[in-house]
Protein chains: 2
Amino acid sequence: MRSVIRPEPATFRTLFLRALKKGHSISMHCTCRVEYKGRAVSTLETGDRLVIIKPDKTVIIHQPAGRNPVNWMPVHSHITLDENIIRVESVNPREFMTIHLEKVLVFLSSPLTDGASLVQAGSEADMANMIYQNPHVLGEFVPASREEQTAYGFIDVFGRDYNNNLVIVECKRYKAGLDAVQQLRRYVEKIKKDKGKEVVNGIIAAPAITENAKKMLEDWGFNFIKVEPPMYLLPDREKQKNLGEFFS
Amino acid sequence: MRSVIRPEPATFRTLFLRALKKGHSISMHCTCRVEYKGRAVSTLETGDRLVIIKPDKTVIIHQPAGRNPVNWMPVHSHITLDENIIRVESVNPREFMTIHLEKVLVFLSSPLTDGASLVQAGSEADMANMIYQNPHVLGEFVPASREEQTAYGFIDVFGRDYNNNLVIVECKRYKAGLDAVQQLRRYVEKIKKDKGKEVVNGIIAAPAITENAKKMLEDWGFNFIKVEPPMYLLPDREKQKNLGEFFS
DNA sequence: CGTGCCAGGTGCCAT
DNA sequence: ATGGCACTTGGCACG
């Protein structure tokens with residue numbers, strides 16, 4: 001583990017290359033200019049930033065404000081140090097970034113080991129599972145399958161109403177918008193055509209829906225049912241398998 | 001500027017609170033456990049990570065792999081240090097995060113000043129401007145407006161063909177998919193209804209289009225025209241205004 | 001503020 | 001690899 005304030009260029013070079021080679025995590029505060037060329041082109045004029053280089057060769061640059069990085073390069077990039085310029089190159093997608101270092105304010109590297117992975121609940125998949133296991137939340141609904149495959153996308157929950165009509169359910173963990181309704185519409189049209197059915201009902205299951213989306217939904221004869229995503233881990237078999245080591 | 005390896009709890013507390021108060025940027029490598037509750041719930045068991053706290057009270061936690069943070073809290077959160085627990089609270093959206101520090105491997109803080117903002121070209125807006133200024137790339141097309149407002153969304157470019165039929169153009173800077181076609185379809189239907197037109201043509205302008213999207217496009221009588229996003233700064237009036245200080 | 005939508009989106013999983 | 005899509009998406013621009 002190394003931490004050096006204002007390293008000399010030669011010192012910095014040594015520390016940087018060693019950390020890179022050893023697979024240590026690097027965090028440095030520095031004054032720099034950044035150029036990017038790839039899917040777009042960009043320039044970031046000189047300023048003070050945090051530059052992160054991970055053992056997997058991800059490069060992330062943060063300005064001192066905001067949640068998102070201002071510049072970055074993907075995992076498995078190729079990193080070289082050419083005088084005071086860090087050159088980063090990616091093959092797929094083909095991208096280039098150069099970090100022109102003016103001053104390294106602090107250099108820091110350590111061998112971080114982290115075997116844990118995030119365990120989370122409240123996703124759209126959790127919502128679909130919850131509906132599948134407790135279909136009464138949708139009223140007259142008998143579930144038939146989860147994640148029905150269509151060339152036009154996955155159907156979250158698929159089933160029938162008490163009149164035996166097909167029902168397609170599209171879940172959203174947040175407020176549903178126009179895109180959600182169009183997604184549902186696409187599935188309904190596809191299933192109608194594929195299965196040769198006259199009547200296929202569509203349901204948006206979400207905690208809320210926007211005004212426009214509600215209107216479009218009604219124009220198409222679909223329904224909105226208010227459902228909150230479950231904020232707890234469900235006893236889902238597949239999930240348990242994935243999270244086995246966490247719970248054992 | 002401070003950089004301390006393995007600070008004692010008391011030292012850490014002093015440095016942390018001082019940096020927070022002074023609005024310095026904090027980067028620390030530490031062994032910790034992270035709990036989150038808000039729009040979802042999550043637990044991240046103990047491991048070594050990089051914790052970033054910015055002057056604007058954004059909190060970002062990175063594992064030693066991957067481009068994206070594993071946990072974060074938005075700008076303007078409320079941060080407190082309670083023994084060895086960093087508590088972070090956000091009002092909108094209502095969210096909570098706790099970082100349970102086991103070991104602080106390195107603590108680092110510095111007053112980063114950065115007045116620069118990213119200057120970029122190659123966005124979808126650049127593409128739409130380019131088409132507006134060089135309409136011949138779409139063939140028989142006479143542009144009428146940019147960013148036409150609809151309750152159902154913005155139309156990228158709006159115009160007429162040589163037969164005086166209305167034409168709606170949807171631009172995508174990457175390969176267009178089903179969502180792009182449905183977006184176009186929504187606009188065309190809206191304009192047909194609003195303006196009482198029988199014929200409204202739709203164009204997807206993008207570098208490429210997926211097979212399914214192509215099929216759906218043709219089913220609806222729309223057209224795909226291959227257009228690459230311009231990778232240079234256009235002499236666009238609005239843009240110049242925004243980027244004035246950069247070019248002056 | 002809500003609504004809509006782009007993003008160098010990223011990541012995941014499917015065929 | 002391509003495709004369809006969720007994401008604690010984040011961020012902006014406009015009503």
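Because the structure is predicted, anything quoted here is derived from the model rather than measured. Convention: sequence-line order gives letters A, B, ...; per-chain numbering from 1.
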May I have the distance from [X] (atom [atom1]) to [N] (atom [atom2]), rounded to whole angstrom?
X      : N      : atom1 : atom2 : result
A/L184 : D/dC5  : CG    : C1'   : 15 Å
B/R67  : D/dC7  : CZ    : C1'   : 12 Å
A/D156 : C/dA14 : CG    : P     : 14 Å
B/Q183 : D/dC5  : CD    : C1'   : 15 Å
B/K172 : D/dG4  : NZ    : P     : 14 Å
A/Y174 : C/dG2  : OH    : C1'   : 16 Å
B/Q182 : C/dC5  : CD    : C1'   : 15 Å
B/F154 : C/dC6  : CZ    : P     : 11 Å

Please give me the minimum heavy-atom distance between [X] and [Y], naming the atom from each residue.
X     : Y      : answer
B/R49 : A/L112 : C-CD1, 4.0 Å
A/L44 : B/S117 : CD1-C, 3.7 Å
B/S25 : A/P64  : OG-CB, 3.7 Å

dist A/I79:CD1 -> A/K54:NZ (nearest 0.5 Å) comes out at 12.0 Å
Rounding to 0.5 Å, atoms CD (A/E124) and CZ (A/R173) come to a distance of 9.0 Å
Across the strands shown, which category fits [X] at heavy-atom distances under 4.0 angstrom: base, sugar-phosphate, nothing?
X      : result
B/R186 : sugar-phosphate
A/E95  : base
A/Y187 : sugar-phosphate

Checklist entry - Between C/dG8 and D/dC5, how far is it from one P atom to the other, in whole Å? => result 22 Å
| query | How far does the C1' atom of D/dG11 sit from the matching atom of D/dC7, given to the nearest Å? | reply | 14 Å
- So, are A/K226 and A/E228 salt-bridged, with charged N and O less than 4.0 Å apart? yes
* **Worked check of side-chain hydrogen bond (donor to acceptor under 3.5 Å, both in side chains) between B/T98 and B/H100** => CA-CA 6 Å; B/T98 49; B/H100 303 255; 3.0 Å; yes
Nucleotide nearest [X] when distance is taken to its side chain, options [options]:
X      : options              : value
B/N68  : C/dC6, D/dG4, C/dT10 : C/dT10
A/K175 : D/dA6, C/dT3, C/dA7  : C/dT3
B/R39  : C/dC6, D/dT9, C/dG4  : D/dT9
A/S123 : C/dG4, C/dG11, D/dC7 : D/dC7

Do B/D56 side-chain atoms and A/G66 backbone N/O form a donor-acceptor pair below 3.5 Å? yes
Inset, instruction - Return yes if some donor-acceptor pair links the side-chain N/O of A/D126 with the main-chain N/O of A/S123 below 3.5 Å, else return no. - result: yes
Ordered by number, residues from residues 204-229 of chain A within less than 4.0 Å of DNA chain C (heavy atoms) are A/T210, A/E211, A/N212
Within residues 70-78 of chain B, the residues having a heavy atom closer than 4.0 Å to DNA chain C are none
Cationic tip of B/K37 within the cone over B/F96's six-membered ring, i.e. under 6.0 Å and within 45° of the normal?
no
Of B/R173 and B/E170, the one whose nearest nucleotide on DNA chain C sits closer to the 5' end is B/E170
Q: Kindly indicate, with the supporting measurements, whether the criterion side-chain hydrogen bond (donor to acceptor under 3.5 Å, both in side chains) is fulfilled by B/H78 and B/S90.
A: CA-CA 6 Å; B/H78 184 67; B/S90 157; over 6 Å; no
By nearest-heavy-atom nucleotide on DNA chain D, the more 5' of B/G177 and A/G66 is B/G177
Between A/G153 and B/S42, the residue closer to the 5' end of DNA chain D by nearest nucleotide is A/G153
Whether B/Y36 stacks on the six-membered ring of D/dT8 base, 5.5 Å and 30° limits: yes
